[in-house]
Amino acid sequence: MTYETVAHEVEIATGGAAPMTAYVARPAGTGRHPAVLVGAELWGLTEDVRGIVRQVAALGYVAIAPNLYHRSGPETATGLAENAANRERAFELLGQLTRDGVEEDLRAAVAHVRTHAQATEQTGVLGFSLGGHIAYFAATRLDLAAAAIFYPGWLPVAGTALSRPEPLLATTGSLAERDVRVLMFFAELDHVIDAEQRTQIAEALTAAGARHEEVVYPGARHAFFFPGREPYDKAAAEDSWARVRDLFAAELGR
C-alpha cells in the first residue's frame, strides 16, 4: 500500500543557540503511524534527503530528517550542493558535531513527531553514507526497533566527530543490548568501505549478539541508491528499498 503524504519543514527547540530545522512527512489524514528518523548524507538536508523522507512517509510512517549541522549556523538549513567546492565545508561542519549534541538532536526529532505529528512509540532509523553512520550511532543510543543502514563510512576507524574517543563500532554492544534489528547495505566496489571493513562490522555485530544482516551488491559503488548520480545502480537500489520496506513492516508494525 502506498500512502498519500503531506510534508513540511519545522523548527525544533534543542540545547543549541538556535532552533533545529527538520523536514517532516507523514501519511495524509488522521491516524497514528510509527516514526522513522532519516539520517542525511555529508551534504546535510538536501532535496535528495527530503525525497527519502517523503518516500518513507509513503510507506506509512512519520518520517523526519533533522539538520544535525544547525549549531553551525542557519545557512545549513537547506544543505550543501554536492560538489568538490563544498566538500571542505561539509567536513568542517561534520567535525563540529559531538556525540551528546547529535543524541540530543535525534531525541528532540523523535519527541517532536510523537507530540506534533501523531507518531507512535515504535521508531526506526534509516541513513545513507554519513547518514548510515548516524543511524548506527542512533541505534546505540535510542530505543529503536529497526535500523536500515546504507554504506556507512568510518564505523571501524576514526573518521568523524562521533568516532571519538573510540571508533563507533566499539559501541556495538549497546546496539545489541537495545535489541535493534540491523539491516546493512554495502557496495562491493565502495571506495569508502572495503571488504576488510565490511568483515570487521559483521564480526562486531555477531560478537555482540545483535540481530543483523548484511547485503553486499556485486559491482555496485558508494552512493548507488540515488537516481541521477553517476554511481546509481537501479537493481541494487530497488532490491535494497524492498528490503527496507520489509524490515520496517516487520519491526515497526506497518
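Both backbone and side-chain heavy atoms feed into the values below; hydrogens, waters and symmetry mates do not. Note that the numbering runs from 1 along the sequence shown for the chain.
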Cut-off 3.5 Å, side chains only: do T123 and R114 have a donor facing an acceptor?
-> yes
Value rounded to 0.5 Å, distance of CG in L175 from CG in L142 = 11.5 Å
Single-linkage hydrophobic cluster F186~L189, side-chain heavy atoms < 4.5 angstrom = no
Residue pair M184 / P152, side-chain heavy-atom distance below 4.5 Å = yes
Test log, rule salt bridge (charged side-chain N to carboxylate O under 4.0 Å, His left out), inputs E230 and R221 | CA-CA 10 Å; E230 195 270 333; R221 291 176 290 160; 3.0 Å; yes
Has the side chain of R32 got a donor or acceptor atom that lies under 3.5 Å from a matching backbone atom of A119?
-> yes
Give the C-alpha distance, both sets of side-chain angles, the deciding distance and a yes or no for side-chain contact (heavy atoms from CB on, under 4.5 Å) between R141 and D100.
-> CA-CA 10 Å; R141 295 282 183 118; D100 288 346; 3.8 Å; yes
side-chain contact (heavy atoms from CB on, under 4.5 Å) with R26: of T5, V6, V113, only one passes, and it is V6
Under 3.5 Å: donor-acceptor pair, side chain of R211, backbone of V180 | no
Any side-chain heavy-atom pair from V102 and L162 closer than 4.5 angstrom?
-> yes
Test item: side-chain donor near acceptor, E104 and T14, under 3.5 Å | no
In Å, rounded to the nearest 0.5 Å, how long is the span from CD1 of I149 to CD of E214?
-> 10.0 Å
Between E213 and V182, is any pair of side-chain heavy atoms under 4.5 Å apart?
-> no
Given side-chain contact (heavy atoms from CB on, under 4.5 Å), test Y69 with L94 step by step and report yes or no.
-> CA-CA 7 Å; Y69 295 152; L94 174 57; 4.2 Å; yes
Between the side chains of Y217 and D239, does any donor sit under 3.5 Å from an acceptor?
-> yes
Side-chain donor/acceptor of Q122 to backbone N/O of E251, under 3.5 Å = yes
Centroid-centroid distance, Y61 to H33, less than 6.0 Å = no
Going only through I, L, V, M, F, W and Y residues with side-chain contacts under 4.5 Å, is there a path from F137 to V157?
-> yes
Which is it for F91 and L130 under the side-chain contact (heavy atoms from CB on, under 4.5 Å) test, yes or no, and what are the steps along the way?
-> CA-CA 11 Å; F91 275 104; L130 172 64; over 6 Å; no
CG of L42 to CG of L80, rounded to nearest 0.5 Å, is 8.0 Å
CD (E75) with more than 12 external heavy atoms under 6.0 Å = yes
Does a donor on one side chain sit under 3.5 Å from an acceptor on the other, for Y136 and T171?
-> no
Should we say atom CD of E88 is surrounded by more than 12 heavy atoms from elsewhere, each under 6.0 Å from it?
-> no
I would like to know whether R54 and E47 meet salt bridge (charged side-chain N to carboxylate O under 4.0 Å, His left out); could you show each step before the answer?
-> CA-CA 10 Å; R54 294 190 294 269; E47 185 51 41; 2.6 Å; yes
For the pair R245 and E238, evaluate salt bridge (charged side-chain N to carboxylate O under 4.0 Å, His left out) and give the outcome as yes or no after the intermediate values.
-> CA-CA 11 Å; R245 182 192 62 217; E238 291 181 351; over 6 Å; no
How far apart are the C-alpha atoms of Q96 and S72, what are their side-chain angles, what is the distance that settles it, and do they pass the side chain to side chain donor-acceptor pair (under 3.5 Å) test?
-> CA-CA 8 Å; Q96 293 168 5; S72 297; 2.3 Å; yes
Roughly how far apart are S240 OG and F185 CZ, rounded to 0.5 Å?
-> 5.5 Å
Within-4.5 Å side-chain heavy-atom neighbours: H212 and L183 = no
With salt bridge (charged side-chain N to carboxylate O under 4.0 Å, His left out) as the test, would you mind laying out the steps for R107 and E103 before giving the verdict?
-> CA-CA 6 Å; R107 290 187 180 278; E103 179 180 354; 3.0 Å; yes
In Å and rounded to the nearest 0.5 Å, what is the CD to CD distance from Q197 to Q200?
-> 6.5 Å
If we ignore angles and hydrogens, is there a donor and acceptor under 3.5 Å between the side chains of H70 and T76?
-> no
Is there a side-chain contact between T46 and E82 (heavy atoms, below 4.5 Å)?
-> no
R198 bridged to E188 by N-O distance under 4.0 Å | no
Test side-chain contact (heavy atoms from CB on, under 4.5 Å) on R71 and M20 and set out the steps.
-> CA-CA 8 Å; R71 289 176 173 81; M20 175 178 68; over 6 Å; no
Which residues satisfy the ring pair (Phe, Tyr, Trp, His ring centres under 6.0 Å) test with F128, sequence neighbours excluded?
-> F150, F225, F226
State plainly whether the residues E9 and R50 are in salt-bridge range, i.e. N to O under 4.0 Å.
-> yes
Contacts of D48 that satisfy salt bridge (Lys or Arg N to Asp or Glu O under 4.0 Å) - sequence neighbours left out = R229
Contact check, side chains of P66 and L106, non-hydrogen atoms, under 4.5 Å = yes
Are any of the side-chain heavy atoms of P34 and T120 separated by less than 4.5 Å?
-> yes
What about the rings of F224 and Y232, do their centers lie closer together than 6.0 Å?
-> no
Side-chain heavy-atom pair V244, V56 within 4.5 angstrom cut-off = no
